[in-house]
Amino acid sequence: MSADSLLHTPLYNLHVDAGGKMVPFAGYAMPLNYADGIMAEHRHVRTHAGLFDVSHMGQVRLRARSGDGAAAAHALERLVPADIVSLKSGRQRYTQFTNEKGGILDDLMVARMGESLLLVINAACKAADIAHLQDELADCLVEVLEDRALLALQGPEAEAALARLAPSVRDMTFMEVREVDVGGALGIISRSGYTGEDGFEISVPALDASRVARKLLEQPEVKLIGLGARDSLRLEAGMCLYGSDIDETTTPVEAALEWSIQKSRRRGGVREGGFPGADVILAQLEEGVSRRRVGLLPEGRAPVRGGAPLYADGEFTTPLGKVTSGAFGPTAESPVAMAYVATDYAAPNTPVVAELRGRAVPAIVHVLPFVPARFKR
Amino acid sequence: MTLYFTKEHEWLRVEGDSAVVGITKHAAEELGELVFVETRDAGTVVQAGDSIAVVESVKAASDIYAPVDGEVLESNAQLADDPARVSSDPEGEGWIVKFRLAKPEQLDALMDADAYAAFIA
């Protein structure tokens with residue numbers, strides 16, 4: 001795609017003015033990093049607070065045609081394995097759209113706000129997800145919030161910085177969602193993120209986005225952070241990247257995401273199954289799977305990246321799976337990776353071997369996350 | 001002239017029948033801070049275009065190619081512990097390999113500093 005056909009978020013000019021290195025990402029021109037570079041940006045988020053533009057992600061409001069919030073929740077449960085019905089207003093939860101084989105079409109956040117559900121979906125899956133919702137949920141209205149930007153403020157000092165604009169965020173807890181005035185803009189703020197740090201995702205009207213972002217950047221704790229550090233932060237935090245670590249061929253159980261499938265949707269639950277691929281996924285929950293997503297800590301300093309094959313031995317005779325994402329972890333101060341391995345090799349501390357440029361690089365299966373999460377529970 | 005540049009953003013400083021090779025300041029800025037550098041072993045005979053090193057940033061791995069035919073003589077041992085040296089001083093302390101020139105006449109095809117400056121402008 002040529003540069004001039006790329007979409008711009010409402011913060012495009014702010015990125016360019018700030019020296020952002022703009023790259024194509026899911027059809028948008030997005031900042032990979034700014035002048036300080038990925039390492040420094042990553043460390044800034046872990047020690048202070050970083051502001052990310054994630055406006056390329058899709059924001060969708062889902063309502064039942066009846067207007068009833070419970071009906072919308074029941075409807076969405078036809079597409080996802082999470083318990084949406086018991087999600088209280090002002091709370092958010094992580095789930096996946098699944099296909100008939102139990103594979104993952106996309107992963108998403110779902111918030112209940114009064115009689116509506118607010119969904120945040122991946123940029124690259126936006127069009128397909130919206131079509132899926134419209135096709136499958138004829139009893140619902142699917143409103144794409146194209147006029148809203150999405151910012152993420154992440155890091156141990158995020159609360160202090162945001163509280164100067166929106167004091168009430170101080171008493172929000174992890175995965176809570178509220179409508180909050182943010183410096184004069186009508187914000188929908190959730191205490192969540194994609195870094196493993198405490199932080200917030202802040203939805204504001206597109207017209208207010210640049211003003212709100214600039215006010216946040218005036219706070220001494222806050223620096224702009226690009227997609228490069230967003231990727232290394234989420235990798236250290238053990239979080240999946242759709243298209244790399246999860247996709248239509250991986251199930252939530254293979255992906256070690258079964259924590260996101262509540263009891264009510266499992267076998268014997270009050271609303272057992274009823275989502276695409278439930279037969280496969282519910283069986284896997286009880287009977288296990290042949291491969292699992294794991295963390296991988298390679299020996300030495302060489303990053304082992306997505307696509308690298310894994311073996312049980314240095315002679316590369318017994319294949320075990322492959323790496324799905326990998327990078328150098330600036331906080332871990334070592335290479336970190338995620339991989340799918342045969343279940344017999346999925347236990348923490350199991351030694352495996354990655355093939356890197358024809359060489360055998362020893363690695364051990366590592367519990368996720370690599371860097372402890374610091375959510376405000 | 002003893003300093004040459006390539007379109008792959010490497011520099012060579014010729015010292016007798018050998019040359020020191022590194023990446024240019026421009027390339028270092030593009031790559032961002034390096035986290036790992038791996039070089040071919042001393043004694044490896046390569047042709048122009050063969051990989052002589054891999055440099056890795058947080059985000060990606062990039063090959064460094066032999067600008068001309070020759071043999072790897074030595075690699076910068078400092079880079080194993082401090083790969084960021086390439087980022088901070090790419091055209092000095094951050095040199096990557098020493099290289100014996102098999103066909104010095106191949107240098108004629110490379111750029112001088114002015115031509116390289118025009119190339120990246």
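All chains are named by letter (A, B, ...) in the order of the sequence lines, taking the proteins before the strands, and each is independently numbered beginning at 1.
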> Are V58(B) and M39(A) side-chain neighbours, meaning at least one heavy-atom pair lies under 4.5 Å?
Replying inline: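 In contact.
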> Hey, are the side chains of V35(B) and P303(A) touching, using non-hydrogen atoms and a 4.5 Å cut-off?
Replying inline: yes
Need one label for [X]: side chain, backbone, both or neither, based on atoms under 4.5 Å from any heavy atom in chain A.
X	value
S57(B)	backbone
E38(B)	side chain
A60(B)	backbone
V54(B)	side chain
E30(B)	both

> Should the heavy atoms of other residues, nucleotides or ligands under 6.0 Å from CD of E105(B) be counted, would the total exceed 12?
Replying inline: yes
> Top residue by heavy-atom pair count (under 4.5 Å) with chain B, among A327(A), G37(A), A302(A), P330(A)?
Replying inline: A302(A)
>> Please classify the contact between R305(A) and chain B as side chain, backbone, both or neither, with a heavy-atom cut-off of under 4.5 Å.
In response: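 Just its side chain gets close to chain B.
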> Tell me, side chain or backbone of P335(A) under 4.5 Å from chain B's heavy atoms, or both, or neither?
Replying inline: neither
>> I need the minimum non-hydrogen distance between P83(B) and R301(A), along with the two atoms involved.
In response: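 Scanning both residues, the minimum pair turns out to be CG-NH2, 4.1 Å.
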> What option among E29(B), K59(B), E56(B) has the most heavy-atom pairs under 4.5 Å with chain A?
Replying inline: E56(B)
> About how many Å separate CZ of R357(A) and CG of D63(B), when rounded to the nearest 0.5 Å?
Replying inline: 7.5 Å
